[in-house]
Amino acid sequence: MSIEEILEQTKNIRLVAASKYVDANIIEKIYMRGIKEFGENQVQALAQKKGILDNKKADIQWHFIGSLQSNKINLLLKQKPVLWHSCNGIKIAKAVDKRLDYRLDTLLEINSAKENSKSGLDPELAIEEYLKIQEECPRLNLCGVMSIGSHSNDTNEIAKSFDLTFSIYEKLQKYGAKICSMGMSSDFTLAIKCGSNMVRLGSVLFKNLK
């Protein structure tokens, strides 16, 4: 699939380029194709690439999409990411909130596939935890949910995990949820059909640019 085809398929939603496997030069090439939002899995990599590119491409929006270790919170907050995708519960939410001196847009990560290999909150606890974070973490602007699709070759299984996330998102809209982030390189077209309004794409974007 070409970049033009990807841009056409995602023209009505937000596309975040998951850039963890590429360097700043490749990010710059993708930026020149019109993509302005980039997500990093590691805090140090985010800080490094942001440091290189901010002077050249000041309008890049940086996202943090990986699991956040408590000893990396201070470094992450210095980067002021536009969105933290991977808040997986009240404990890490409180740890981040108490160190913030600005409002940080945040997504609650839900393990809708119910797989031990994935991080994220149990779907049964998601709504209660979302509301608890909203109440107890005033500097986190909780604005939606994120999940990773089921690790399966069965399209129905993957769709089922996306449908579960979307149903939670729908219930949270009255509490301010605006983002339903689902879909990566292998399953983003299905995720969009299931209601995703933000996708995180890596290999499908970068494979032709290395």
Side-chain angles (χ1 to χ4, degrees), residues 1-22 26-27 29-41 46 57 59-66 81-88 104-113 118 120-121 123 126-127 130 140-152 155-209:
M1 189 180 295
S2 69
I3 290 177
E4 288 72 27
E5 289 171 320
I6 293 167
L7 290 173
E8 177 63 26
Q9 288 197 32
T10 58
K11 65 183 178 182
N12 296 319
I13 67 171
R14 285 175 75 181
L15 165 59
V16 179
S19 49
K20 71 173 182 174
Y21 292 123
V22 299
I26 300 294
I27 292 174
K29 288 181 183 178
I30 281 283
Y31 171 93
M32 299 306 290
R33 305 293 285 270
I35 295 170
K36 302 293 175 68
E37 301 193 66
F38 293 86
E40 286 290 329
N41 286 54
L46 171 58
K57 312 294 179 189
D59 59 340
I60 286 182
Q61 294 186 315
W62 294 98
H63 297 239
F64 185 68
I65 60 178
V82 68
L83 186 64
W84 171 32
H85 289 235
S86 49
C87 177
N88 58 17
L104 175 60
D105 286 355
T106 301
L107 301 180
L108 185 67
E109 182 180 8
I110 303 170
N111 185 359
S112 296
K118 289 182 169 61
L121 201 63
I127 292 175
Y130 193 97
L140 289 183
N141 180 32
L142 213 49
C143 53
V145 297
M146 182 273 269
S147 72
I148 296 172
S150 178
H151 183 66
S152 172
T155 302
N156 290 330
E157 279 300 306
I158 301 169
K160 194 194 305 183
S161 64
F162 288 150
D163 288 341
L164 178 54
T165 300
F166 187 74
S167 69
I168 295 168
Y169 166 68
E170 284 189 306
K171 292 182 177 77
L172 289 170
Q173 283 181 306
K174 64 183 175 183
Y175 301 106
K178 293 180 173 61
I179 297 172
C180 182
S181 178
M182 310 185 294
M184 301 192 297
S185 289
S186 62
D187 56 21
F188 77 95
T189 54
L190 178 60
I192 293 169
K193 287 177 185 172
C194 293
S196 174
N197 58 22
M198 175 183 281
V199 294
R200 306 171 308 281
L201 304 185
S203 59
V204 74
L205 276 178
F206 293 108
K207 62 184 178 182
N208 295 320
L209 288 174

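Only heavy atoms go into these numbers, but all of them, side chains included; no hydrogens, no water, no symmetry mates.
With contacts defined as side-chain heavy-atom distances shorter than 4.5 Å, the pair T10/I192 qualifies. Between C194 and I158 there is no side-chain heavy-atom pair separated by less than 4.5 Å. Counting heavy atoms from C-beta outward, E40 and I27 have side chains that approach closer than 4.5 Å. Annotation: side chain of E37 is in contact with side chain of Q61 (closest heavy-atom distance under 4.5 Å).
When each of V16, V22, I30 is paired with F38, the side-chain contact (heavy atoms from CB on, under 4.5 Å) condition holds for I30 and for no other. Each of N88, V145, I127 was checked for a side-chain contact (heavy atoms from CB on, under 4.5 Å) with I110, and the lone residue meeting it is V145.
Across all their heavy atoms, G176 and Y130 have their closest contact at C-OH, 4.5 Å. Considering every non-hydrogen atom in both L142 and L108, the closest pair reads CD1-N, 4.2 Å. When all heavy atoms of S181 and L107 are compared, the closest pair comes out as CB-CD1, 3.8 Å. The nearest pair of heavy atoms linking L7 to I35 is CD2-CG1, 3.9 Å. Considering all non-hydrogen atoms of both residues, C180 and F166 come closest at SG-CD1, 4.0 Å. Residue T165 comes nearest to M182 through the heavy atom pair CB-SD, 3.5 Å, listed as atom of the first residue, atom of the second, then distance.
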May I have the step-by-step check of side-chain contact (heavy atoms from CB on, under 4.5 Å) for E8 and K11, ending in yes or no? CA-CA 5 Å; E8 177 63 26; K11 65 183 178 182; 2.8 Å; yes
Would you check, one step at a time, whether the test side-chain contact (heavy atoms from CB on, under 4.5 Å) holds for H63 with R200? CA-CA 10 Å; H63 297 239; R200 306 171 308 281; over 6 Å; no
Start with the C-alpha distance between K160 and S150, add both sets of side-chain angles, then the distance that settles side-chain contact (heavy atoms from CB on, under 4.5 Å), and finish with yes or no. CA-CA 8 Å; K160 194 194 305 183; S150 178; over 6 Å; no
Determine, step by step, whether L205 and R33 satisfy the side-chain contact (heavy atoms from CB on, under 4.5 Å) criterion, reporting the C-alpha distance in whole Å, the side-chain angles of both residues, the deciding distance to 0.1 Å, and the verdict. CA-CA 11 Å; L205 276 178; R33 305 293 285 270; over 6 Å; no
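Taken to the nearest 0.5 Å, the OG atom of S147 stands 8.0 Å off from the CD1 atom of I168. With rounding to the nearest 0.5 Å, the separation of CG in L201 from CE in M1 is 9.0 Å. In this structure, CG in L140 is found 6.0 Å from CH2 in W84, a value given to the nearest 0.5 Å. Atom CZ of F162 and atom CG of D187 lie 3.5 Å apart (nearest 0.5 Å). Expressed to the nearest 0.5 Å, how far CD1 of I148 lies from OG of S86 amounts to 9.5 Å. Between L46 atom CG and F64 atom CZ the span is 7.5 Å, to the nearest 0.5 Å.
N197 places a side-chain N or O within 3.5 Å of a backbone atom of K178 that can act as its donor or acceptor partner.
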